[in-house]
Amino acid sequence: MSRVVVCGSINADLVVKVNSLPQPGETVSGSGFARYPGGKGANQAIAAAKADAHVSMLGAVGADMYGAELATFLAGSGVDTSQLLEREGVPTGTSLIMVEETGENVIVFVAGANATVDDASATALKLHHRDVLLAQLETPMDATLAFFRHGKRAGAIRILNPSPAAELSRELWELTDVLVVNETELAFFTGHALSLETSEPELREARSALAGVGFHGSLIVTLGANGVAGLAGDQFFGIAGHAVRAVDTTGAGDCFVGCLAAQLCEGVELDAALRYANAASALAVQNHGAGASMPTREQAEAFLNN
Ligand code: ADP
């Protein structure tokens with residue numbers, strides 16, 4: 001049975017609502033507090049598991065309350081956490097998020113245990129041909145490299161969601177089969193922003209730019225409410241977004257990437273896999289929280305077929 005194997009971050013997102021963001025030295029009263037499971041790795045693993053894939057998570061939490069809670073939440077969402085590491089002496093990764101009524105926010109991210117993910121933890125699982133590997137950039141790049149090298153040796157598909165965007169080594173570009181980026185990340189890597197009506201020539205140009213740094217795989221660009229565009233070999237895909245009332249777009253990209261991995265793992269064609277991921281993400285933006293709002297397969301299929 002092929003699996004989705006995610007090597008990435010696991011975070012506790014602590015979200016405070018305020019009328020207006022405090023200035024340095026100022027104390028303000030918050031109007032709400034919530035704790036959400038987060039971290040791009042964990043979010044994507046949960047999205048893939050909810051899309052009915054067999055998912056294993058490689059990563060690390062601290063030996064603290066949040067770590068235990070997150071591990072339980074991952075397992076409860078159907079993710080295999082048997083390889084998850086519990087590190088002594090470092091906190092579980094945490095994001096402190098303050099959101100103003102206007103939607104404006106400030107975020108402080110503490111990598112904590114995520115920074116301890118190393119080559120050994122990234123290669124802890126025996127991989128199989130047809131497994132799908134998924135990585136982001138919230139855990140150390142060296143570990144991601146080791147993970148993808150390990151995947152290449154096994155003949156597994158490697159999907160990279162290079163977020164938050166950072167310079168990548170040529171080897172990591174070369175090891176990536178499928179690149180999933182949003183418009184901001186694409187602009188970071190290619191130096192060119194896409195137009196509102198993203199066209200095939202624009203995507204071809206972007207891919208040519210990426211070929212220069214060593215990327216020769218399929219390029220998938222998520223376009224928020226506008227849906228998704230992709231280029232795989234000679235085939236261009238343009239899929240419109242679903243008209244929905246978005247209440248929280250945090251984690252939309254994570255939902256998309258996790259669902260795409262799950263579909264590719266099942267052997268679904270790219271076009272249909274993108275349509276599924278696009279529909280599932282449109283459902284996710286209608287709920288609060290990232291890890292907590294991933295739709296089930298049943299919900300996504302019902303929405304897609306309506
Ligand atoms: P990120 O969260 O990484 O910035 P996007 O904003 O591009 O990623 O969103 C990822 C996907 O989620 C989109 O490709 C789309 O399928 C879906 N999505 C995001 N925002 C909306 C929205 N407002 N309405 C419908 N679908 C959305």
Side-chain angles (χ1 to χ4, degrees), residues 6 8-9 11 13 15 36 38-48 50-51 95 97 99 103 105 107 109 134-138 159-166 178-190 193-198 202-203 206 218-232 236-264 268 270-295 299-304 306:
V6 183
S9 57
N11 279 338
D13 288 351
V15 186
Y36 297 111
K40 290 178 190 296
N43 290 344
Q44 294 180 13
I46 291 167
K50 292 274 196 82
S95 290
I97 306 170
V99 189
N105 62 29
I107 302 177
F109 169 64
L134 196 48
Q136 316 76 28
L137 300 183
E138 285 185 340
I159 305 179
L160 183 67
N161 173 223
S163 178
V178 181
L179 182 76
V180 187
V181 285
N182 64 20
E183 293 166 280
T184 317
E185 289 147 5
L186 185 72
F188 174 89
F189 291 116
T190 63
L194 293 174
S195 67
L196 276 180
E197 291 87 28
T198 308
E202 272 185 296
L203 228 54
S218 303
L219 171 63
I220 311 296
V221 186
T222 63
L223 306 167
N226 294 323
V228 59
L231 201 53
F236 172 78
F237 304 90
I239 300 168
H242 293 274
V244 295
R245 206 176 72 83
V247 299
D248 183 357
T249 59
T250 326
D254 291 339
C255 178
F256 186 94
V257 177
C259 289
L260 178 66
Q263 290 273 297
L264 295 181
V268 173
L270 186 58
D271 185 38
L274 292 174
R275 284 177 198 283
Y276 179 96
N278 185 49
S281 317
L283 284 176
V285 301
Q286 295 175 68
N287 291 307
H288 283 286
S293 67
M294 303 303 177
Q299 290 168 329
E301 281 181 343
F303 181 71
L304 193 56
N306 252 328

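In listed order, ligands and their atoms are each counted from 1.
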| field | Pick from S281, G224, A279: the one approaching atom 13 (C) of ligand 1 most closely through a non-hydrogen atom | value |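 Nearest heavy atom to atom 13 (C) of ligand 1 lies in G224.
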| field | Option with minimal heavy-atom separation from atom 21 (C) of ligand 1, where the choices are A225, A243, C259 | value |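 The nearest heavy atom belongs to A225.
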Check ligand 1 against [X] and write out every atom of the ligand that is under 4.0 Å from a heavy-atom position of the residue.
X    : value
L223 : 7 (O), 14 (O)
H242 : 24 (N), 25 (C)
V244 : 24 (N), 25 (C)
A246 : 23 (N)
G227 : 13 (C), 14 (O)

| message | Any atom of ligand 1 sitting under 4.0 Å from a heavy atom of G241? | response |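 It does not, in that no heavy atom of G241 comes within the 4.0 Å cut-off of ligand 1.
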| request: Using distance alone, determine whether G253 and ligand 1 share an N or O pair under 3.5 Å. | output: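 Right, the criterion is met.
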| query | For ligand 1, is there an N or O atom under 3.5 Å from any N or O atom of N182? | reply |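 It does: an N or O of N182 is found under 3.5 Å from an N or O of ligand 1.
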Give me the atom names and distance for the closest heavy-atom approach of [X] to [Y].
X    : Y    : value
L274 : L260 : CD2-CD1, 3.8 Å
P295 : L283 : CB-CD1, 3.9 Å
L231 : F237 : N-CD1, 4.5 Å
S163 : E185 : OG-OE2, 2.9 Å

Considering only non-hydrogen protein atoms, determine which one is nearest to [atom] and report residue, atom name and distance to 0.1 Å.
atom                    : answer
atom 9 (O) of ligand 1  : A252 CB, 3.7 Å
atom 16 (O) of ligand 1 : N278 OD1, 2.6 Å
atom 8 (O) of ligand 1  : T222 OG1, 3.5 Å

So, does [X] use its side chain to make a donor-acceptor pair with the main chain of [Y] at under 3.5 Å?
X    : Y    : answer
K40  : Q136 : no
Q263 : Y276 : no
N161 : V180 : yes

| message | When you compare the side chain of N43 with that of V257, does any pair of heavy atoms fall below 4.5 Å? | response |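 V257 vs N43: side chains apart.
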| query | Is there a side-chain contact between N11 and E138, using heavy atoms and a 4.5 Å cut-off? | reply |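 Side chain of N11 against side chain of E138, heavy atoms only: contact under 4.5 Å found.
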